[in-house]
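Heads up, the thing below is written out as C-alpha cells.
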Amino acid sequence: MDVNEYLGLFLDESQEHIQSINTQLLKLEQSGGADVVQEIFRSAHTLKGMSSTMGYERVANLTHEMESALDLVRGGKKESNQLLLDTMFIAMEQMEDMIADIESGGQGANVDVSETVAAFQSFIGGKEVAVEKTSETSTFEIDLYTNSVIEQAKQTGFEAYQITVKLSDAVVLKAARAYMVFDRLQELGEVVSTHPETEEIEQEQFDLSFDVLFLSQETKEVIDHAIAQVSEVERVEVNAFTETAVSEPEVAVTAETIAPEPVVQATSDKEEAKDTKEQVAAQAQAKTIRVNLERIDRLMNLFEEFIIDRGRLERLADEVGQPELNETVEKIKRGTNELQSLVLTLRMMPIEQVFNRFPRMVRSVAKEIHKKVQLDISGAETELDRTVIDEIGDPLVHLIRNAIDHGIERPEVRLQAGKPEQGMLALRAYHGGNRVFIEIEDDGAGINVDKVRSKALERGVITDEEATTMSENELAMLIFAPGFSTADVVTDLSGRGVGLDVVKNKIESLGGVVSLETVSGQGTKFQVSLPLTLSIISAMLVQVGEESYAIPLTSILETTLLDEADILTAHRERVFDFRGQLVPLVYLKEMFGIESETKTQFPVVVVRKGNKLVGVVVNDLIGQQEIVMKPLGTYLEGIPAISGATILGDGRVALIVDSNDLF
C-alpha cells in the first residue's frame, strides 16, 4: 500500500482524535464518567489502528498501551487515578510531537516513549479489582435497527448471545483463527456484530480476544463446543445477550432539517426498520470534503487578480459610456461579489482550532508552578482568516503563560487576600466591525506599576520626566519593551526578558494591536485586535492632494461635509460636534505630508474603534470599491497608520489607511 496517498487524511484525523482525547481527559479529571472513558477509548483505538496500518509503530505501540489501560477502567477492573491521568496527558504531548514529526517527513520515531509505555504497563499489570460478570452485561452498543432485528429473531425462536473468544498466547495467525471461528458460527446461526469491527479483525488489529453478537436456535453448550474445536482457542464464553445498551442513531441536523410527516401505510416491522436505517444513513452522510490548503491559496490569488481586472473593466466601461457594456459589467460585478463571498468563506476558520490547545497547557503550567487555575473559554466559534489562525497561536501561548506565572497568585496568597484559592483565567473572542478581538483576563494581583516604573528607569527605557507624566496603563505597556522583565527569579516560564516584545511584534505584523488594562489586586486584561481577513475588503477610496487612499468600510461609521467655521478647539486639539459628541479631527494631508489646496468645506470620514470616534479630513470622496490588500514588504513595513496597499483599476497604487492608528 502506498501510504503517501493517505498521509494527509491520516494527519488530519490524528489531530482530530488527539484533540478529542485532550478535551475528554480534562473532563475525566474534573468529573469522571464512564461515557468519557468510552470516548477516550474509542479515539485511542482508532489512532492505534490508523498508525499501525500506516506503519508508524511507535505511535501504534503507545496508543495500544493507553487503550489497554483504558479498557480495564471502562470494564470496571481498575479505577482511574491521578497517576494514570498524568501518564495519559504526557502520552498525548508525545503523540503530538510524533505526529508533527510525521508531518515534516519523519516516521514518528523522534520521541522516546519507553517510560510512558512502562507507566501504562505498570498500571495494567497491577492488582485488578474483582468484578462479578453476569449474563446481563454487554459490551455492545446497538442501534435501533439492530435491536429491531434481534427482537424479530427472538419471535421466530432464535436467541441472542454475546460470545467472547480468547486465542492462545502462542497463536501465529490471529486473523486465520478468527476466520475459522466465524466459519463455525455461520453453520449455527447469524453473526450480527463484532467487537472490534470485522475489518479490524481481518487486519489483526486486535489483541488476543474479540466479541461476537450472535443469533442462533442452538444452545450455549452446542455453540461453546463448536468454537472450542478450533485450534489455538484458549477460552470461550457464551452468555445470553440483553438489549440494555440501545444507542440512538446519530443524525446530522441542520437549520433546514424538517421532521418527516408520519406515513399512513402498512409495512412490516423489518421493512420499516430497514427504511429508517437507510434514511438515517442518508441524512448522516458527510457534507464536507477535505481540500488541500495550497489549492485554496491558489484560488484566492487568481481571484485577487480577477478583482483588480474587474476594477479596470468598470473604469473603462464608464469611459466608453455604452449602455450594453455597462449592463454586462454590472452583471459581472454582481456575480463576482457572490463568488468573492464564497471564496473568502473558504479561508475562514473558527478560532477554536487555536483555543483547543490551551486547556491542557493551562493545566500543565499551573501544576508545574503549584497554582490552581480555572480556564473559561468563550467565543471559540469566532472565525478568522486562515493566515491569521496559523500565526496567532504562539503569541496567545505567551500571554496565557504570562498570566498564570505573573498574574495569578499562589493559593495561600490568594486566601490571605480574601480570594478563592483557585484563580480564574478567561479567554474570549468576538467580532467588532472588521476586526476580531481576543481577550485574556485573569483575576490575579495585577501589574505592579511602581515596580515597572522602577525597572524602566533603571534600564533607561524612560526618562524621569516621562515616569512622572505617564498613566498607569502606559507604564504597564512597558512590559512589551524588548528585554524588559519584572521577574525577580529566572524560571522556565519567564524572567529572561523575552516573550512579550515578540508577542507585540508578531501581532503587529498581522495588522493587529495589543493593549492591556490592569488594576492592582484585581487582575489584568490583555486585548488583541486582529483584522478579520488579510485579502479582499470593501473600502472607501478618498483623495488627498494627488494621492488616493483606501479606508476599510467596516471601520467607517458615516461620511459628512464640514465647514471651516464648524471646527472647534478642545484641549489644544481640533474637534467638531458630531451629534452632540466632540470628535477629534485628523488631517491625512498633515499626517502624510501631502500638499493640497485649502478648502472652506471638506469631506470628513467618521471612523470608529469600539466606542471611540475620529473624523478623518480628506479632499474628496471617490467612492466605494472592493480592493485586494497587498503587504508593503519589509522595506516599507512599520509606517504609521498604513496597513498595506492595493492596485486600482487604472494601475495606480493606493495605500490602505489603518484607522486604529488614528486613535
Side-chain angles (χ1 to χ4, degrees), residues 351-352 354-359 361-362 365-366 369 371 373-380 382 384 388-389 391-409 423-432 435-449 451-453 455-456 470-487 493-532 609-612 660-661 663:
I351 203 169
E352 178 183 16
V354 179
F355 283 7
N356 279 342
R357 74 166 81 167
F358 296 137
M361 187 198 79
V362 169
V365 172
I369 59 178
K371 294 183 179 180
V373 182
Q374 174 66 42
L375 177 64
D376 179 31
I377 294 178
S378 60
T382 306
L384 258 175
V388 181
I389 289 284
E391 300 290 338
I392 196 58
D394 289 341
L396 293 182
V397 167
H398 278 289
L399 291 175
I400 290 174
R401 290 169 71 94
N402 184 81
I404 299 172
D405 190 31
H406 287 293
I408 296 176
E409 313 94 327
M424 295 300 298
L425 183 62
L427 179 60
R428 297 184 286 266
Y430 57 91
H431 284 122
R435 303 184 77 82
V436 169
F437 293 90
I438 302 172
E439 294 180 346
I440 299 166
E441 185 173 9
D442 65 72
D443 67 344
I447 295 175
N448 189 329
V449 177
K451 193 171 185 179
V452 171
R453 181 189 291 109
K455 286 279 186 179
M470 293 175 70
S471 67
E472 288 199 351
N473 275 341
E474 287 174 335
L475 286 168
M477 283 295 293
L478 293 176
I479 65 175
F480 289 102
F484 191 89
S485 175
T486 59
L493 289 179
S494 61
R496 294 178 175 83
V498 294
L500 290 184
D501 60 321
V502 177
V503 167
K504 187 171 183 288
N505 292 337
K506 170 59 75 173
I507 290 172
E508 288 179 349
S509 72
L510 296 171
V513 178
V514 59
S515 60
L516 67 82
E517 298 175 8
T518 184
V519 178
S520 179
Q522 297 183 25
T524 303
K525 178 171 71 175
F526 290 93
Q527 185 184 77
V528 177
S529 169
L530 295 163
L532 187 62
K609 177 186 178 183
N611 58 357
K612 298 178 182 179
N660 289 286
D661 276 1
F663 291 82

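When reading the values below, keep in mind they use all heavy atoms of this one structure, side chains included, and skip hydrogens, waters and symmetry mates.
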Quick one: does [X]'s side chain have a donor or acceptor within less than 3.5 Å of a partner on [Y]'s backbone?
{"X": "Thr382", "Y": "Ile351", "value": "no"}
{"X": "Lys506", "Y": "Asp394", "value": "no"}
{"X": "Ser520", "Y": "Gly446", "value": "no"}
{"X": "Asn356", "Y": "Glu352", "value": "yes"}
{"X": "Lys504", "Y": "Val514", "value": "no"}
{"X": "Asp376", "Y": "Ala426", "value": "no"}

[X] side, atom [atom1]; [Y] side, atom [atom2] - distance, nearest 0.5 Å:
{"X": "His398", "Y": "Asp501", "atom1": "NE2", "atom2": "CG", "answer": "9.0 Å"}
{"X": "Leu516", "Y": "Glu439", "atom1": "CG", "atom2": "CD", "answer": "12.0 Å"}
{"X": "Arg428", "Y": "Ile377", "atom1": "CZ", "atom2": "CD1", "answer": "12.0 Å"}
{"X": "Ile369", "Y": "Asp405", "atom1": "CD1", "atom2": "CG", "answer": "4.5 Å"}
{"X": "Ile408", "Y": "Thr524", "atom1": "CD1", "atom2": "OG1", "answer": "10.0 Å"}
{"X": "Arg453", "Y": "Asn448", "atom1": "CZ", "atom2": "CG", "answer": "9.5 Å"}

[X] and [Y]: which non-hydrogen atoms are nearest, and at how many Å?
{"X": "Phe355", "Y": "Ser378", "result": "CE2-O, 4.1 Å"}
{"X": "Ala476", "Y": "Thr518", "result": "CB-CG2, 4.0 Å"}
{"X": "Leu425", "Y": "Ala403", "result": "CD1-CB, 3.8 Å"}
{"X": "Leu427", "Y": "Ile438", "result": "CD1-CG2, 4.1 Å"}
{"X": "Ile447", "Y": "Val452", "result": "CG2-CG2, 3.7 Å"}

Next item on the list: Verify the neighbour count for atom CD of Gln374: are there more than 12 heavy atoms of other residues, nucleotides or ligands below 6.0 Å?
Entry: yes

Item checked: Residue pair Leu478 / Met470, side-chain heavy-atom distance below 4.5 Å -> yes

Checklist line | Those residues that, when tested against Met361, pass side-chain contact (heavy atoms from CB on, under 4.5 Å) (two or more places apart) | finding: Phe358, Val365, Val397, Ile400, Arg401

Margin query: Under a 4.0 Å threshold between the charged nitrogen and the carboxylate oxygen, would Glu441 count as salt-bridged to Lys525?
Written below: no

Checklist line | Residues Leu500, Leu399; criterion side chain to side chain contact (heavy atoms under 4.5 Å, CB included); working and verdict | finding: CA-CA 7 Å; Leu500 290 184; Leu399 291 175; 3.7 Å; yes

Check: With under 30° as parallel and over 60° as perpendicular, where do the rings of Phe480 and Phe526 fit, or are they tilted in between?
Finding: perpendicular

